[in-house]
Amino acid sequence: MRTFFLISAAVLSLILQTRLSLYGISPNLTAAVVYYIGINSSASKALFWGSLIGLVEDSIAGNMLGPHMLGKGLTGFFSAVIFRGWFIWTPVIGMFGLASLTIIDSLSVFLSESIFANMPVYPSKVILILVVQGVISFALGVLMKPRDAD
């Protein structure tokens, strides 16, 4: 049942992030799904699911395989390692955690594409995208909490 919920959430987030935008910038909703998996499971499971979701996202994007796999894998791994045992859970921790890992995910995708795919990346555009995606994720972070949190 839990696996079905996670797969449904990942598919729904992929669909929604192609349909929604703020200032012409799509939110990074798949990072929120991977973050949720990370704060509720082990690092290896979060890394696996993050990489799998990233692989699907890379396949849909059509550029090259790897950037989203790397970003989502890092998001899953860091959310499981950092936010499961180091902090006493509060909604503020969830907000900052999701926002920071979304920025790390998007930044790793931009860097990977600019280095390996020779796609032109304009720093001002990247900063705007990171800020907008971070703010959206910051707002979503209050909804995320581990199952074992009070």
Side-chain angles (χ1 to χ4, degrees), residues 1-22 24-87 89 91 93-119 121 125-126 128-149:
M1 181 68 169
R2 185 167 185 262
T3 304
F4 175 74
F5 169 73
L6 293 176
I7 292 171
S8 300
V11 169
L12 182 63
S13 67
L14 280 167
I15 293 169
L16 283 177
Q17 76 184 19
T18 60
R19 302 281 184 229
L20 302 175
S21 70
L22 181 65
I25 299 169
S26 300
N28 194 345
L29 299 177
T30 52
V33 173
V34 173
Y35 175 76
Y36 179 80
I37 293 169
I39 62 174
N40 286 300
S41 62
S42 67
S44 59
K45 188 180 278 189
L47 178 64
F48 170 77
W49 281 103
S51 297
L52 185 64
I53 291 170
L55 176 66
V56 171
E57 200 167 352
D58 280 332
S59 299
I60 292 170
N63 292 336
M64 67 179 189
L65 294 179
H68 289 95
M69 274 180 69
L70 174 65
K72 299 300 182 282
L74 288 173
T75 300
F77 180 77
F78 286 145
S79 61
V81 170
I82 295 173
F83 296 104
R84 276 191 55 84
W86 293 7
F87 299 102
W89 192 260
I93 296 288
M95 293 165 70
F96 280 106
L98 180 56
S100 62
L101 289 175
T102 299
I103 290 170
I104 290 171
D105 172 32
S106 297
L107 189 60
S108 70
V109 170
F110 285 124
L111 289 175
S112 296
E113 288 178 346
S114 65
I115 292 170
F116 297 113
N118 295 326
M119 295 180 69
V121 178
K125 176 100 171 146
V126 170
L128 178 64
I129 291 171
L130 293 177
V131 167
V132 170
Q133 287 182 345
V135 167
I136 293 169
S137 294
F138 187 80
L140 285 175
V142 76
L143 304 174
M144 307 280 176
K145 75 177 204 174
R147 287 184 307 238
D148 56 358

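Pairing each heavy atom of Thr30 with each of Ser13, the nearest pair is CG2-OG, 3.3 Å. Contact between Ser137 and Leu98 at its shortest, heavy atoms only, is O-CD2, 3.3 Å. Counting all heavy atoms, side chain and backbone alike, Ser41 lies closest to Ala80 at O-CB, 3.9 Å. Across every non-hydrogen atom of Val81 and Ala43, the tightest pair is CG2-CB, 3.9 Å. Nearest approach of Ile39 to Ser79, heavy atoms of both residues: CG2-O, 4.0 Å. Listed here is the closest heavy atom pair of Gly38 and Ala46: CA-CB, 3.6 Å.
Using a 3.5 Å distance cut-off with no hydrogens or angles, the side chains of Asn28 and Ser106 do pair a donor with an acceptor.
A distance of 6.0 Å separates CG of Leu52 from CH2 of Trp49, quoted to the nearest 0.5 Å. To the nearest 0.5 Å, atoms CD (Glu113) and NE2 (His68) are separated by 6.0 Å. For the atom pair CD1 of Ile82 and CD1 of Ile93, the computed distance is 11.5 Å after rounding to the nearest 0.5 Å. Annotation: the span from Ile60 atom CD1 to Gln17 atom CD amounts to 8.5 Å, rounded to 0.5 Å. Atom CG of Leu130 sits about 9.0 Å away from atom CD1 of Ile25, to the nearest 0.5 Å. Between atom CE of residue Met95 and atom CG of residue Leu143 there is a gap of 9.5 Å, rounded to the nearest 0.5 Å.
At least one donor-acceptor pair under 3.5 Å links the side chain of Gln133 to the backbone N or O of Ser26. Of the possible donor and acceptor atoms, none in the side chain of Ser112 sits under 3.5 Å from a partner among the backbone N and O of Val109.
Crowding of Phe96 atom CZ: a count of heavy atoms from other residues, nucleotides or ligands under 6.0 Å not exceeding 12. A 6.0 Å sphere centred on CZ of Phe77 holds no more than 12 heavy atoms belonging to other residues, nucleotides or ligands.
At least one side-chain heavy atom of Ile53 sits under 4.5 Å from a side-chain heavy atom of Ile37. Within the 4.5 Å cutoff, the side chain of Asp105 has heavy atoms near those of the Lys72 side chain. With a 4.5 Å cut-off on side-chain heavy atoms, Leu47 and Ser51 count as touching. Side-chain contact between Asp58 and Pro67: present, with at least one pair of heavy atoms (C-beta onward) separated by less than 4.5 Å. Residues Leu140 and Tyr35 fail the side-chain proximity criterion, which asks for heavy atoms closer than 4.5 Å. Annotation: side chain of Thr75 is not in contact with side chain of Ile104 (no heavy-atom distance under 4.5 Å).
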Residues Leu6, Tyr36; criterion side chain to side chain contact (heavy atoms under 4.5 Å, CB included); working and verdict: CA-CA 9 Å; Leu6 293 176; Tyr36 179 80; 4.2 Å; yes
